[in-house]
Amino acid sequence: MTSALPAPFTVAVATATVLGCLAYLTAAARLRARGDAWPYGRDALVAAGGAVLVAGVAEPWGTAPPFTAHMLTHLCVGMLAPLLLVLGRPLTLLLRTAPVPLRRGLVALTRSRWATVPALPPVAALLDFGGLWLLYRTPLLSVSHHSPWLNTLVHVHILLAGVLFSFGVLALDPVRHRPGYGLRAVVLLTAGTAHAVLAKSLYAAGPPGTSFGTADLHLASQVMYYGGDAVELALAAVVAWQWYRAGGRALRRAGRAGAGGAAAAATRP
């Protein structure tokens with residue numbers, strides 16, 4: 001069994017990623033040219049995310065054991081690249097630079113129920129981590145490696161589900177209902193636990209229908225466990241920072257309201 005991705009999928013993802021990154025950088029430059037602020041750090045995050053995604057589908061670690069190579073691809077395509085791309089806030093940039101008709105369509109899309117429900121953190125987590133349990137704890141992985149179209153479909157799901165999960169948990173771009181910090185933290189903790197348990201189970205037994213070597217299984221599960229932890233800690237750090245800033249803003253508003261009330265009371269006859 002090999003971990004190689006179908007060539008059309010690799011070419012399509014790499015081409016779309018490069019074009020998407022170039023479009024992002026062009027839009028950001030146009031935004032700055034008209035005098036609007038847009039941090040250069042977001043450009044760097046999107047470029048880094050694009051590079052990780054292209055590396056993930058190009059599989060430069062092709063000489064690694066097959067399941068370890070597959071897991072490195074999973075880590076890049078489904079976790080690290082989505083995190084970096086979402087941190088660049090591409091939807092916000094598009095809403096600020098797109099022509100008015102397109103912008104109206106995007107606003108309507110971000111406010112529609114059918115488009116926002118999949119981005120709710122619990123739903124996104126179920127699609128992402130539930131899909132991984134389905135992939136690794138049923139014969140799906142074995143079957144997909146003998147069927148190029150199914151293998152392509154599996155990796156498309158891994159990529160989209162990863163983007164959806166990072167988008168929903170971080171909630172950086174405008175959406176219809178921004179989920180609360182408590183809900184996002186609980187979902188992130190639960191999803192991280194499910195990912196860690198799955199990685200540990202793979203250390204003990206490979207996916208049904210596969211015949212990976214013991215050393216390959218152990219190394220792949222460690223890549224999944226520690227790599228997943230690193231990405232999930234980064235997600236948690238961003239959510240915690242957002243929560244901290246929101247708490248600070250609430251305290252300042254309360255302080256101003258209290259000072260205003262005290263001043264009004266002092267001026268009463």
Side-chain angles (χ1 to χ4, degrees), residues 3-25 27-28 39-62 64 67-94 118-119 121 124-125 127-132 135-136 144 151-173 188 191-192 195 198-199 220 222-239:
S3 65
L5 292 172
F9 172 77
T10 300
V11 172
V13 171
T15 303
T17 301
V18 171
L19 293 177
C21 288
L22 290 175
Y24 179 99
L25 296 175
Y40 285 98
R42 293 177 188 171
D43 295 21
L45 287 166
V46 167
V52 170
L53 183 54
V54 171
V57 296
E59 301 178 297
W61 42 75
F67 196 43
T68 302
H70 166 87
M71 202 56 74
L72 286 167
T73 298
H74 152 71
L75 189 64
C76 289
V77 173
M79 300 191 76
L80 183 55
L83 168 63
L84 294 169
L85 293 172
V86 170
L87 284 174
R89 304 190 186 194
L91 180 58
T92 300
L93 178 63
L94 191 56
L127 291 172
D128 192 1
F129 294 90
L132 291 181
L135 178 63
Y136 296 126
S144 69
N151 195 17
T152 298
L153 191 63
V154 165
H155 283 86
V156 168
H157 173 81
I158 288 175
L159 171 61
L160 295 182
V163 170
L164 201 60
F165 181 72
S166 292
F167 183 87
V169 167
L170 297 182
L172 294 169
D173 286 307
L188 186 53
H195 193 258
L198 178 58
Q222 288 170 344
V223 168
M224 184 180 188
Y225 185 86
Y226 293 110
D229 273 358
V231 175
E232 287 150 9
L233 283 173
L235 284 164
V238 176
V239 173

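Because the structure is predicted, anything quoted here is derived from the model rather than measured. Note that the numbering runs from 1 along the sequence shown for the chain.
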Counting only N and O atoms by type, is there a donor-acceptor contact under 3.5 Å from the side chain of [X] to the main-chain atoms of [Y]?
X: Tyr24; Y: Ala47; result: no
X: Thr15; Y: Val11; result: yes
X: Thr10; Y: Val57; result: yes

Side chains of [X] and [Y], heavy atoms from C-beta outward: is any pair under 4.5 Å?
X: Leu235; Y: Val239; result: no
X: Leu53; Y: Cys76; result: no
X: Asp128; Y: Leu164; result: no
X: Met71; Y: Leu75; result: no
X: Val238; Y: Leu87; result: yes
X: Leu45; Y: Leu83; result: no
X: Phe165; Y: Val86; result: no
X: Leu91; Y: Phe167; result: yes

Which heavy atom in [X] sits nearest to a heavy atom in [Y], and how many Å separate them?
X: Ser144; Y: Val154; answer: CB-CG2, 4.1 Å
X: Pro121; Y: Gly168; answer: CG-O, 3.5 Å
X: Gly50; Y: Cys21; answer: CA-SG, 3.9 Å
X: Glu59; Y: Thr73; answer: OE2-OG1, 3.3 Å
X: Ala55; Y: Pro60; answer: O-CD, 3.0 Å

When you look at Phe9 and Val156, which way does the side-chain contact (heavy atoms from CB on, under 4.5 Å) test go after all the steps? CA-CA 9 Å; Phe9 172 77; Val156 168; 3.6 Å; yes
Begin from the C-alpha positions of Tyr136 and His70 and carry the test ring pair (Phe, Tyr, Trp, His ring centres under 6.0 Å) through to its verdict. CA-CA 12 Å; Tyr136 296 126; His70 166 87; 5.6 Å; yes
Give the C-alpha distance, both sets of side-chain angles, the deciding distance and a yes or no for side-chain contact (heavy atoms from CB on, under 4.5 Å) between His155 and Leu159. CA-CA 6 Å; His155 283 86; Leu159 171 61; over 6 Å; no
Distance (rounded to the nearest 0.5 Å) between [X] [atom1] and [Y] [atom2]:
X: Arg89; Y: Asp173; atom1: CZ; atom2: CG; value: 7.0 Å
X: His74; Y: Leu132; atom1: NE2; atom2: CG; value: 5.0 Å
X: Leu25; Y: Asp43; atom1: CG; atom2: CG; value: 5.5 Å
X: Arg42; Y: Leu172; atom1: CZ; atom2: CG; value: 8.0 Å

Start with the C-alpha gap between Ile158 and Leu135, add the side-chain angles, then the distance that decides, and say whether side-chain contact (heavy atoms from CB on, under 4.5 Å) holds. CA-CA 10 Å; Ile158 288 175; Leu135 178 63; 4.1 Å; yes
So side chain to side chain donor-acceptor pair (under 3.5 Å) across residues 224-237, not counting sequence neighbours, yields none
